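First the structure, in the form of structure tokens, and then the observations on it.
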There are 2 protein chains.
Amino acid sequence: MRVDRPPLAGYFGTPAEYIVHNRLVYNPDIEDDKALRTSADRVFEALQDAIVRGEIPPGSRVGETELAERFGTSRGPLREALRRLESRRLVERTPHVGIRIASLGYAALLEIYYVREALEGMAARLAAMYMTAAEVAGLKDLLVTHEQDEALRADTAYFQQEGDLDFHYRVIQGSHNTALTELLIGELYHRIRMYRYQVSAYANRPQKAFGEHQRIVEAIEARDGDLAEMLMRRHISSARQNIEKHMKENT
Amino acid sequence: MRVDRPPLAGYFGTPAEYIVHNRLVYNPDIEDDKALRTSADRVFEALQDAIVRGEIPPGSRVGETELAERFGTSRGPLREALRRLESRRLVERTPHVGIRIASLGYAALLEIYYVREALEGMAARLAAMYMTAAEVAGLKDLLVTHEQDEALRADTAYFQQEGDLDFHYRVIQGSHNTALTELLIGELYHRIRMYRYQVSAYANRPQKAFGEHQRIVEAIEARDGDLAEMLMRRHISSARQNIEKHMKENT
DNA sequence: TCAACCCGCATTGTCGACAATCAAGCGACC
DNA sequence: GGTCGCTTGATTGTCGACAATGCGGGTTGA
């Protein structure tokens with residue numbers, strides 16, 4: 001389903017696998033999926049996945065011992081995983097009290113969207129400047145795939161959401177700015193994905209977003225950094241306003 | 001020297017004290033300086049300070065046992081501190097091999113400045129929208145203090161650098177966006193400060209920067225978000241180009 | 001009856017020891 | 001002579017136990 005892509009610029013697997021050891025892993029296939037290097041890595045990935053998917057209720061308090069035996073390890077590696085999740089703002093720890101799973105409210109989500117707007121706007125600008133011709137070609141291929149996808153036409157949300165993420169991942173990576181990439185993909189996107197699972201049924205707007213994606217790619221292909229940044233900012237700003245509208249309706 | 005400020009919008013103490021437990025501490029005075037809550041907090045703060053100040057040579061490899069006895073604690077809390085520093089990109093860890101102090105090269109520094117330009121531009125825009133009148137007044141007072149400062153006129157760099165940081169801290173905080181604030185102050189600025197210690201003698205441009213600060217404040221006071229963002233972006237972009245110029249001269 | 005204090009329990013923080021892994025140095029073989 | 005493989009040493013990863021801290025229930029006093 002997501003295999004036949006030009007290998008030069010592709011992410012593979014689920015987004016949760018992109019980050020290993022605080023580093024971006026661009027091709028996890030060369031690493032053993034099941035047996036990551038250290039035990040802390042395994043529990044970190046498993047816990048992050050469980051939190052992002054909402055298997056552990058957001059806002060709930062959990063004990064270290066409980067989690068340790070749940071993941072079949074000791075408290076040592078578990079605490080290392082917790083520390084990493086804390087830096088990603090997926091759990092909150094207060095000394096001598098315990099840990100609780102982060103819950104992303106509307107206000108926090110909107111804050112992140114302002115950050116996204118700034119960072120991804122810059123990413124689009126840099127992508128227009130530094131993306132290789134092959135990367136641009138891969139981006140265009142991705143859009144063709146999305147256009148032909150039945151789910152997109154049917155407004156079925158889920159795949160479009162993943163496809164949307166894929167598009168943004170590629171633009172971000174196209175900036176060739178590792179600090180920017182790690183900040184967005186390594187820290188912000190996990191929280192956004194968590195929110196998507198929390199309130200799975202919020203109306204996105206695949207058709208409109210698809211058109212905006214196309215224009216962004218056109219600007220990148222034309223090496224027009226100013227335009228690419230502006231379009232990306234408006235794209236994300238629209239998404240934010242869409243959320244704000246829903247927020248007011250649901251309160 | 002840095003005490004008599006309106007208490008509503010001020011940072012106190014050195015920047016290293018702003019972050020405790022991954023949270024921003026806006027008034028560390030209420031917490032005990034010497035005896036932070038847990039042992040891991042103490043070693044974390046001490047180690048971060050040592051790294052940022054360059055007391056431990058960047059790029060050097062250090063052992064856990066060595067660091068543990070240096071800070072008078074066990075390897076447990078030390079490892080926790082290391083994990084936090086890793087998430088701040090101040091140390092790099094490779095499993096089963098060891099840790100090395102991060103060294104910030106020119107390329108990485110320039111990358112961060114692009115991120116700064118995007119984020120602080122957005123911060124200036126939000127500050128123009130959401131800063132309280134009292135915060136704006138405090139910002140103006142700060143500029144007056146800088147103007148009267150002898151060191152500024154004499155182009156003495158150090159205090160201007162700290163004053164520059166103070167100005168930027170206030171604008172960032174004025175955005176009233178915690179995600180943005182934590183990203184900038186909690187993660188990026190430590191690396192920038194580390195660089196300042198590494199190559200302490202790079203020419204900044206206090207006079208020019210001071211004038212730019214003034215115009216940014218004017219835009220914020222006029223509640224002109226567009227202008228504030230544009231000015232802040234040009235301000236940081238100038239600093240980046242200044243670094244690029246030095247980079248080419250020194251190679 | 002309510003509030004404040006005290007005590008026990010549960011949970012987290014810390015420590016030391018053991019096991020797993022990697023890097024380097026030496027030797028043997030091609 | 002060069003390269004491959006093994007062995008050794010050191011360092012990190014993991015585990016279990018102990019100590020410190022915070023929280024909640026119970027009791028006592030006004």
Side-chain angles (χ1 to χ4, degrees), chain A residues 19-23 25 30-48 51 56-57 59-87 90-102, chain B residues 19-23 25 30-48 51 56-57 59-87 90-102:
Chain A
I19 310 290
V20 175
H21 250 101
N22 264 341
R23 294 190 310 271
V25 174
I30 59 176
E31 307 220 4
D32 195 349
D33 268 9
K34 296 299 177 186
L36 286 169
R37 309 300 286 267
T38 135
S39 172
D41 287 330
R42 279 196 305 274
V43 57
F44 166 70
E45 185 177 331
L47 230 182
Q48 173 171 264
I51 292 174
I56 305 177
S60 64
R61 285 189 46 173
V62 288
E64 291 184 355
T65 315
E66 168 196 350
L67 285 178
E69 68 179 26
R70 169 171 176 170
F71 290 100
T73 181
S74 171
R75 276 181 54 213
L78 180 101
R79 283 170 66 88
E80 168 152 354
L82 283 179
R83 178 55 66 188
R84 271 193 258 175
L85 291 171
E86 184 189 15
S87 72
L90 289 179
V91 304
E92 297 171 3
R93 289 182 47 180
T94 51
H96 297 291
V97 171
I99 63 179
R100 72 169 37 204
I101 309 299
Chain B
I19 310 289
V20 175
H21 251 100
N22 264 341
R23 295 190 309 271
V25 175
I30 60 175
E31 307 219 5
D32 196 348
D33 268 8
K34 296 300 177 186
L36 286 170
R37 308 298 286 270
T38 136
S39 173
D41 287 330
R42 279 196 305 274
V43 57
F44 166 70
E45 186 176 330
L47 229 182
Q48 172 170 265
I51 292 175
I56 304 178
S60 64
R61 282 190 46 175
V62 287
E64 291 184 355
T65 315
E66 168 195 350
L67 285 179
E69 68 178 26
R70 169 170 176 172
F71 290 100
T73 181
S74 172
R75 275 181 54 214
L78 180 103
R79 283 170 65 88
E80 171 155 349
L82 284 179
R83 274 169 245 147
R84 273 194 257 175
L85 292 171
E86 183 189 15
S87 71
L90 288 178
V91 304
E92 296 171 4
R93 287 185 14 166
T94 50
H96 297 290
V97 171
I99 62 179
R100 72 169 34 203
I101 310 299

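Atom set for the values below is all heavy atoms of this structure, side chains included, hydrogens, waters and symmetry mates excluded. All values derive from a computational prediction rather than experimental measurement.
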Protein-nucleotide distance (B:Arg100, atom CZ; C:dA23, atom P), rounded to Å: 12 Å
Protein-nucleotide distance (B:Glu80, atom CD; C:dT12, atom C1'), rounded to Å: 11 Å
Shortest non-hydrogen contact between B:Val43 and B:Ala81, atoms and distance: CG1-CB, 3.8 Å
For the student: nearest non-hydrogen atoms of B:Thr38 and B:Ala40, plus distance: OG1-N, 2.9 Å
Protein-nucleotide distance (A:Arg93, atom CZ; D:dT21, atom C1'), rounded to Å: 14 Å
Sugar-phosphate only, base, or nothing, as touched by A:Val62 at under 4.0 Å among non-hydrogen atoms: sugar-phosphate
For atom CD of A:Glu64 and atom P of D:dC18, their distance in whole Å: 18 Å
Nucleotide D:dG13, atom C1' - distance to CZ of A:Arg79 in whole Å: 15 Å
Proximity to the side chain of B:His96 - top-ranked nucleotide from C:dT14, C:dC22, D:dG16: C:dC22
Shortest non-hydrogen separation from B:Ile51 to B:Leu90 and the atoms involved: CG2-O, 4.1 Å
A:Arg75 side-chain proximity, nearest of D:dA17, D:dG13, D:dT14: D:dA17
Pairwise 5' ranking along DNA chain D for B:Gly98 and A:Pro77, keeping only the more 5' one: B:Gly98
Closest contact, heavy atoms only, A:Glu64 versus A:Leu78: O-CD2, 3.4 Å
Phosphate OP1/OP2 of C:dT12 contacted by B:Thr38 side-chain N/O (<4.0 Å): no
For atom CG of A:Leu82 and atom P of C:dG13, their distance in whole Å: 10 Å
B:Thr65 vs D:dT11: side-chain N/O to OP1/OP2 distance below 4.0 Å: no
Length of the CD1-P vector between A:Ile99 and C:dA10, whole Å: 19 Å
A:Val97, nearest nucleotide to its side chain (from D:dT12, D:dG13, D:dC23): D:dC23
Sugar-phosphate, base or nothing in reach of A:Gly76, heavy atoms under 4.0 Å: nothing
OP1 or OP2 of D:dC15 under 4.0 Å from side-chain N/O of A:Thr73: yes
Separation of C:dT12 C1' from A:Arg83 CZ (nearest whole Å): 12 Å
Donor-acceptor under 3.5 Å (B:Arg79 side chain, A:Glu80 main chain): no
